[in-house]
Amino acid sequence: MIVRGNETVLVQGITGKQGTFWAERMREYGTKIIGGVNPKKAGTEHLGLPVWGSASDAAKDTQIDVSVLFIPPMGVKAAALDAIAGGIKKLVIMTEHVPVQDVMHVMAEAKEAGTKIIGPNTAGIVTPGECFVGFMPAFNPLVFKPGNIGVISRSGSLGTLLCLNVVQAGMGISAFVGIGGDPIIGTTTTDALKALDADEKTIGIALVGEIGGSMEEDAADYAKGMSKPIASFIAGAASPPGKKMGHAGAIVMGNKGSYAGKKAALEAAGVTVCATPSGVPEVLKEKLGL
Amino acid sequence: MNFEEHAGKPLLRAAGIETPPGEVVTTADAAKAVAANLGPCVVKAQVPTGKRGKAGGIAVVGTADEAHEAAARILGMTIGEFKVEKLLVEGQVPIATELYAAILNDPESKGPLLLFSPEGGMDIEEIAENHPDKLLRHPIDIRNGLKEADLDGKLPAGTPDGIAALMVKLYNAYRTNDAELLEINPLVVTADGTLMALDCKFTLEDSSIPRQAELVPHGTPDKLSGLEARAKELDLKFFEFEGNVGVLANGAGLTMTTMDAVRHYGGAPANFLEIGGESYTKGTEALKLVLANPGVKSLLVNFCGAFARCDVMTDGILKAWAELKPDIPVFWTIHGTGEEEAQAMVRDQLRLEPFDLMDDAVKAAVAAASGEAAQ
């Protein structure tokens with residue numbers, strides 16, 4: 001999923017500390033923030049923008065393309081179902097520690113309604129030079145110089161490092177898709193890969209994975225048929241099995257989700273897997289003849 | 001959070017699934033007393049890991065004296081990484097058939113997945129491998145739940161009566177208790193035709209802990225070192241390892257990557273510690289934790305601020321640095337939100353130049369830890 005600069009964005013939880021801070025940053029960067037939601041402050045203004053009592057109410061008043069959720073974990077299910085009921089077709093869920101059975105309910109409803117979901121537990125998405133949704137340092141030109149490399153990452157911090165490395169190597173970013181660190185997420189590595197494959201600006205892809213789950217292995221299947229070059233870094237080679245390394249999804253159980261399995265699957269699909277993140281832009285430059 | 005068998009079974013009983021009569025004991029004498037009441041028994045080590053049988057942690061005994069003997073042998077054993085301190089002594093059940101049943105969170109279908117097989121007594125990987133035709137994988141729409149009729153015509157050949165009703169009960173227990181996994185292996189049909197759960201594996205989904213607070217005291221706490229326990233109190237994600245390069249980074253992905261890079265350049269990380277997300281203001285506590293490990297010979301600080309601002313994290317660490325005055329070399333690399341302020345703080349207060357590339361900072365930290373002069 002890529003968000004364009006002309007798309008309108010609603011902020012659920014806009015009056016909270018993080019909602020306020022990042023709504024301002026997004027607006028400064030060029031994201032079309034059209035207002036926010038707080039059930040207790042319907043009809044008021046915040047940051048000079050309208051506040052609605054629900055996302056569905058907001059969607060009755062104006063066209064909303066994307067809703068971003070800065071909502072505490074136990075409130076995410078209700079907030080997301082509200083946005084889906086309002087007909088909003090893209091949701092970006094920032095929240096970490098959302099109960100997984102709540103997430104599954106939201107996913108089932110979204111699928112039926114044709115709503116795309118990024119996250120939960122994502123750092124967001126950035127389209128450099130146009131807009132960003134979430135809490136990425138899009139405004140830092142050393143990290144997010146506009147260009148032609150698409151970056152996919154489960155992690156915000158590691159995704160930031162990869163974008164920085166791409167820019168340091170003399171290239172730029174067409175789109176950053178942060179998919180989130182949870183075990184069950186709306187947009188998978190494969191979904192993000194498809195979106196970047198279809199994106200005209202993107203000529204090469206940095207695929208940043210992590211141990212745990214099988215999303216990288218699944219993405220390798222799709223990568224086989226792609227003509228755009230892909231270079232990858234998989235975090236967690238030095239992590240011990242059986243422990244959740246920060247992200248709920250980053251856990252190796254038995255052979256499932258191991259570094260070796262992911263590396264082998266990606267390499268069999270023609271994807272170069274680098275030992276450190278700084279190798280990724282070098283491989284892309286070589287494959288692109290830059 | 002994992003639950004031992006004896007802590008999971010009450011959840012099954014509450015949902016209407018039968019289990020054998022039994023009691024939890026911590027001494028061989030108590031095991032003998034329970035066995036004297038129950039008659040022929042099974043004495044089972046209570047540890048939150050599989051393969052208890054293979055490890056010798058399960059004994060089938062005929063008499064109270066045999067129960068005493070088995071309990072004395074099993075108590076104190078180590079299975080996996082767990083020392084056996086508790087036993088479940090259960091009455092033996094005459095088994096006609098062994099089956100497998102589970103409900104789990106499935107990333108692929110993004111919903112609950114029901115697994116059932118009339119082939120039980122082996123683990124699910126073996127069933128999937130050896131009897132794929134006898135394994136039902138049934139994705140459930142969590143909005144609708146599970147009804148007996150949903151399984152009409154789907155259960156594998158050889159499935160005994162009453163399984164659809166049992167799966168509905170199992171699903172209800174899974175939902176009520178916010179399970180990540182609820183597995184019965186083996187589920188048995190007894191000689192008189194009753195369905196009974198002989199084992200139970202329940203994993204509470206961690207993000208649901210705040211709304212399942214009453215379950216938590218029955219779960220198995222993570223096995224933590226002293227420092228790891230202190231970190232948990234501070235709500236910091238921290239693991240200790242054998243290495244000598246202290247690692248401080250923000251975000252799970254970047255922290256794992258920093259450890260990987262230390263390993264790649266020939267060093268050994270001393271810890272995993274991330275201070276990203278909501279905990280990015282805890283730089284001071286974080287540094288104290290890393291330095292409390294006497295094995296740490298150099299420190300690597302790697303920040304890529306997104307949500308977490310580099311200036312806030314750096315400020316916390318510099319404050320702790322001034323307080324603790326550690327006598328080890330430190331190597332910084334800082335980028336992202338707040339990088340200019342953070343880099344300036346390091347230059348001003350430590351008279352150090354942060355590295356532009358992570359790889360260079362890692363190489364320097366590894367060299368310093370191994371006693372070589374940093375370049």
Side-chain angles (χ1 to χ4, degrees), chain A residues 18 22 73-74 94 96-101 103-105 107-109 111 123-124 135-137 140 142-143 153-161 164-165 168 181-186 208 210-211 213-215 233 235-240 243-250 254 275-278, chain B residues 81 105-112 125 141-144 174-175 178-180 205-211 222 237 239 241 249-257 259-265 268-269 272 274 276-278 302-308 335-339 356-359 362:
Chain A
Q18 296 300 341
W22 288 100
M74 298 300 165
M94 316 309 298
E96 186 175 7
H97 303 306
V98 183
V100 172
Q101 294 193 3
V103 173
M104 296 189 304
H105 189 118
M107 293 303 167
E109 198 72 23
K111 191 176 174 191
F135 37 64
M136 290 297 289
N140 185 329
L142 299 173
V143 179
S153 177
R154 288 206 230 170
S155 154
S157 55
L158 179 54
T160 302
L161 178 69
L164 173 85
N165 286 162
Q168 280 173 329
D182 273 10
I184 296 184
I185 52 178
V208 189
E210 280 178 15
I211 52 166
S214 59
M215 280 200 302
F233 173 74
S239 295
K243 298 201 178 208
K244 281 182 188 166
M245 302 307 289
H247 279 157
T276 67
S278 59
Chain B
E81 53 178 324
N105 295 345
D106 177 37
E108 204 172 318
S109 63
K110 299 180 190 181
E125 288 82 6
D141 186 329
I142 198 165
R143 296 171 302 165
N144 306 329
Y174 155 91
R175 281 288 276 153
D178 271 308
E180 180 174 289
E205 191 273 308
D206 287 339
S207 294
S208 301
I209 283 177
R211 67 182 182 197
D222 290 332
K237 291 163 189 164
F239 296 112
F241 307 118
N250 68 292
L254 189 65
T255 309
M256 279 194 278
T257 300
M259 287 170 44
D260 296 343
V262 168
R263 186 61 59 78
H264 177 69
Y265 288 112
F272 172 98
E274 66 142 316
E278 298 290 344
N302 184 12
F303 290 155
C304 257
F307 172 83
H335 290 288
T337 313
E339 67 173 55
D356 194 33
L357 281 178
M358 179 186 84
D359 298 61
V362 173

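Lettering follows sequence order; numbering is per chain, from 1.
- Here the CD atom belonging to B:Glu205 is positioned 10.5 Å from the NE2 atom belonging to A:His97, to the nearest 0.5 angstrom.
- Here the closest heavy-atom approach between residue B:Pro107 and residue A:Pro183 is recorded as CB-O, 3.6 Å.
- Here the side chains of A:Ser278 and B:Met358 are not in contact, with every heavy-atom distance at 4.5 Å or above.
- Looking at A:Ile185, only its backbone comes within 4.5 Å of chain B, counting heavy atoms on both sides.
- Formation of a donor-acceptor pair under 3.5 Å by the A:Gln101 side chain with backbone atoms of B:Pro112 is not found in this model.
- For B:Tyr174, the ring-ring contact (aromatic ring centres under 6.0 Å, His included) partners are B:Tyr171, not counting sequence neighbours.
- For a residue to count as touching a neighbouring chain, one of its non-hydrogen atoms must lie under 4.5 Å from one of that chain's; by this rule B:Asp178 touches chain A with backbone and side chain alike.
- Contact of B:Glu108 with chain A is not made at all, since no heavy-atom distance falls under 4.5 Å.
- A pairwise comparison of heavy atoms in A:Asn140 and B:Gly336 identifies ND2-O, 3.5 Å as the closest pair.
- Both the backbone and the side chain of A:Glu109 come within contact range of chain B, each with at least one heavy atom under 4.5 Å from a heavy atom of that chain.
- With a 4.5 Å cut-off on side-chain heavy atoms, B:His335 and A:Thr160 do not count as touching.
- One finds the OG atom of B:Ser207 at 7.5 Å from the CD atom of A:Glu96 (value rounded to the nearest 0.5 Å).
- Using a 4.5 Å cut-off between heavy atoms, B:Asp141 contacts chain A through its side chain alone, with no backbone atom that close.
- Proximity to chain B is limited to the backbone of A:Val98, based on heavy atoms less than 4.5 angstrom apart.
- Only the side chain of A:Met74 comes within less than 4.5 Å of a heavy atom in chain B; its backbone stays farther off.
- Comparing A:Met107, A:His105, A:Met136 by heavy-atom pairs within less than 4.5 Å of chain B, the highest count is held by A:His105.
- Contact of B:Glu339 with chain A is made through the side chain alone, with heavy-atom distances under 4.5 Å.
- Using modelled atom types, no side-chain atom of B:Lys110 and backbone atom of A:Ile184 make a donor-acceptor pair closer than 3.5 Å.
- Using a 4.5 Å cut-off between heavy atoms, A:Ala123 does not touch chain B at all.
- Take B:Asp206 and apply the salt bridge (Lys or Arg N to Asp or Glu O under 4.0 Å) test, not counting sequence neighbours, and it matches A:Lys244.
- Comparing B:Arg143, B:Glu125, B:His264, B:Met259 by heavy-atom pairs within less than 4.5 Å of chain A, the highest count is held by B:Arg143.
- Between A:Pro240 and B:Phe241 the shortest side-chain heavy-atom distance falls below 4.5 Å.
- For B:Arg263, the part lying near chain A is the side chain, with the backbone staying farther off; criterion is any non-hydrogen pair under 4.5 Å.
- Neither the backbone nor the side chain of B:Thr255 comes within less than 4.5 Å of any heavy atom of chain A.
- Counting all heavy atoms, side chain and backbone alike, B:Leu254 lies closest to A:Leu161 at CD1-CD2, 3.7 Å.
- Looking only at side-chain heavy atoms (C-beta outward), B:Tyr265 and A:Thr276 come within less than 4.5 Å of each other.
- Rounded to the nearest 0.5 Å, atoms CG (A:Asn165) and SG (B:Cys304) are 8.0 Å apart.
- With a threshold of 4.5 angstrom between heavy atoms, B:Asp106 approaches chain A through N, CA, C or O but not through any side-chain atom.
- Looking at every heavy atom in both residues, B:Met256 comes nearest to A:Ala235 through CB-CB, 4.1 Å.
- Across B:Ile209, B:Val262, B:Asn105, B:Asp260, the residue that shares the most heavy-atom pairs under 4.5 angstrom with chain A is B:Asp260.
- By number of non-hydrogen pairs under 4.5 angstrom with chain B, the leading residue of A:Gly159, A:Gly124, A:Ser157 is A:Ser157.
- Of the two parts of A:Leu164, only the side chain, counted from C-beta on, holds a non-hydrogen atom closer than 4.5 Å to a non-hydrogen atom of chain B.
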